[in-house]
Amino acid sequence: MSEADKPWDAVVIGAGFAGLYALHALRARGKRVLVLEAAAGVGGVWYWNRYPGARCDVESLQYSYSFDAELEQQWQWSERYASQAEILRYIEHVADRFDLRRHIRLNTRLVCATFNESQDGWDLLTDDGLRLRAQHCIMATGALSVPRLPAIEAIESFEGPIHHTGAWPHEGVDFSNLRVGVIGTGSSGIQVIPQIARQARQLTVFQRTANFSVPAWNRPLQDQEQQAFKAAYREHRARAREVGTLYEFTDKGAFEVSEHEREQEYERRWNKGGVNFVHAFKDLSTNLAANDTIADFVRARIRAVVKDEQVAQSLCPNDHPLGTKRICVDTGYYETYNRPNVRLVDLKKTPIERFGPQGVRVAGEDIALDALVCATGYDALSGAVLAIDIRGRGGVGLREKWAQGPRTLLGLMCAGFPNLFMITGPGSPSVLVNMIVGIEHHVQWISDCIDHLQQQGHRTIEATVAAQDRWVEHVNAAAHRTLLPMANSWFLGANIPGKPRVFMPYAAKIGVYRRECQEVADQGYAGFILSGA
Ligand code: FAD
Ligand code: NAP
């Protein structure tokens, strides 16, 4: 067998934060690794989401890799929350700095992965007909990488351009003088709406569910502030691995303080900005009455900002507790509705009837549009993995195995699919934490695991059904100890008609989860079968 025909130790799918670090870590351990990436460049989310206003909502100094101290010290972030362009520059810098590009095949989508039982490895097929064999296949395909267009009557008949925020044109879009419609008011919509409002002649926002949003108070980072943070980077990172990056916690419940103190605390956090707002009291995510106090605070803020009472009313979320849908972080979102060129259509009161070539009909009124922006979200967590035809032992498909919702052990592997790993998969904390912390942890666990197999002379590792069943129960129980299942969120697949409703991320502190993963490894990968000499 020539070197070229030799199976890869690992093929990694995706070249976002996860895929790049997986490549770097495995190569550093002497593995032959190839990355396949559907896009024409590296960056994942930050390659695709070039919509105006796109930026992180975890502070830049935390939303970055921790694996290399020099990188950490040398990279200078310019803003409290970095823009998409800056994050993409950072990821490209990482790809160059660690000489990763030569192991990445761009413009290549994995379409089929079949476990070859006689070879103990994966046969892979790409959309351009390339066939590869790998001992391990690592899905770094992203939790939010399959954009979803809304299923609205006759939307395909609309003659203007339709842009999804998650697949934004690289050359940008000029909305000057146009009548623009935006569907969707989640994190993406809330970021893009104020930007489009500044440019468009007329902006109509179609809102199905009002969301809670906290001001970012984004600003340039001062050198001194950045240096001080970097001087304590090790402590910050250690804390992030234990409790997450949004760590301004308190051990008090909302009703253990007076109403005045409570309001003051909300006020203080609101004025600081960002998602630490949701940690004002320890019981906000578990006690509905406590949650009502913080939700009321935000609703009062919305009413104070938005001048038109009816619009303000429509913008006030009232069908889910705060934090049960991912909280949004905005710059001037609510203020945007005071502009004369912005109109809110509350789809709960007046649903869209249908699209036509020139626009949309709502409650008998035709609203003319020149362009449509869909900030309508993703087939989250399981979508990218299920888009690939994955066949495990006995040729059984992952789509069949997950017909009632994803089932994994630790969010890392699935019974019947040996040597197939997922990074930030369903059943891990994933989208509930700073994702780079979750990504780095998974990559390290997977790299250790592959080393262990090699050292012990094993060819495969695979989750047992019993351990997987226990884990699925455990993840389910963790969610139900919180208010999280009360919202129709993408966390449980509610945004996709027909998708099984299963709360997918693991709602435990990242430190708890990390210890659970470590215990499994320390016990010789308890709950997994290691086999084949
Ligand atoms: P991705 O970045 O999604 O990369 C996956 C890659 O896999 C993509 O490039 C995709 O093209 C490729 N791919 C998928 N399927 C295939 C296939 N079959 N074959 C080949 N290639 C494939 N998280 C935070 O913690 N903080 C934030 O502030 C934050 N902001 C966000 C802002 C936006 C607009 C979005 C959409 C998400 C945000 N996230 C944030 C979540 C984000 O998903 C993660 O932070 C992180 O970027 C995920 O990296 P990843 O490498 O796992 O996945
Ligand atoms: P999202 O949270 O799923 O929001 C999608 C929006 O589109 C919702 O308002 C949804 O309404 C609406 N929608 C979907 N289908 C519709 C239909 N048929 N008709 C009308 N409205 C429809 O998606 P997202 O905003 O892209 O965010 C996804 C996640 O990505 C975030 O939660 C976050 O984790 C991450 N993100 C982060 C940032 C950041 O600030 N750093 C920015 C963007 C994204 P319903 O709520 O009624 O379903």
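- Remark: R391 does not engage D123 in a salt bridge, criterion side-chain N to carboxylate O under 4.0 Å.
- Under the 30°/60° scheme for interplanar angles, the aromatic rings of W445 and Y525 are found to stand perpendicular.
- The aromatic rings of Y378 and H164 stand perpendicular to each other, their planes meeting at an angle above 60°, with 30° marking the opposite boundary.
- Using a 3.5 Å distance cut-off with no hydrogens or angles, the side chains of Y21 and E440 do not pair a donor with an acceptor.
- Annotation: cation-pi geometry satisfied between R50 and Y47 (NZ/CZ under 6.0 angstrom from ring centroid, within 45° of ring axis).
- A salt bridge links R515 with E242: at least one charged nitrogen is closer than 4.0 Å to a carboxylate oxygen.
- No side-chain donor-acceptor contact under 3.5 Å links R399 and S382.
- Side-chain atoms of Q84 and N49 include no donor-acceptor pair closer than 3.5 Å.
- A donor and an acceptor atom, one from each side chain of T126 and R105, are nowhere located under 3.5 Å apart.
- Residues D9 and R29 are not paired through a salt bridge, judged by the lack of any N-O separation under 4.0 Å between the basic side chain and the carboxylate.
- Ring geometry for W46 versus Y63: interplanar angle over 60°, hence perpendicular rather than tilted (30 to 60°).
- Using modelled atom types, one finds a donor on one side chain and an acceptor on the other under 3.5 Å when comparing R501 with N488.
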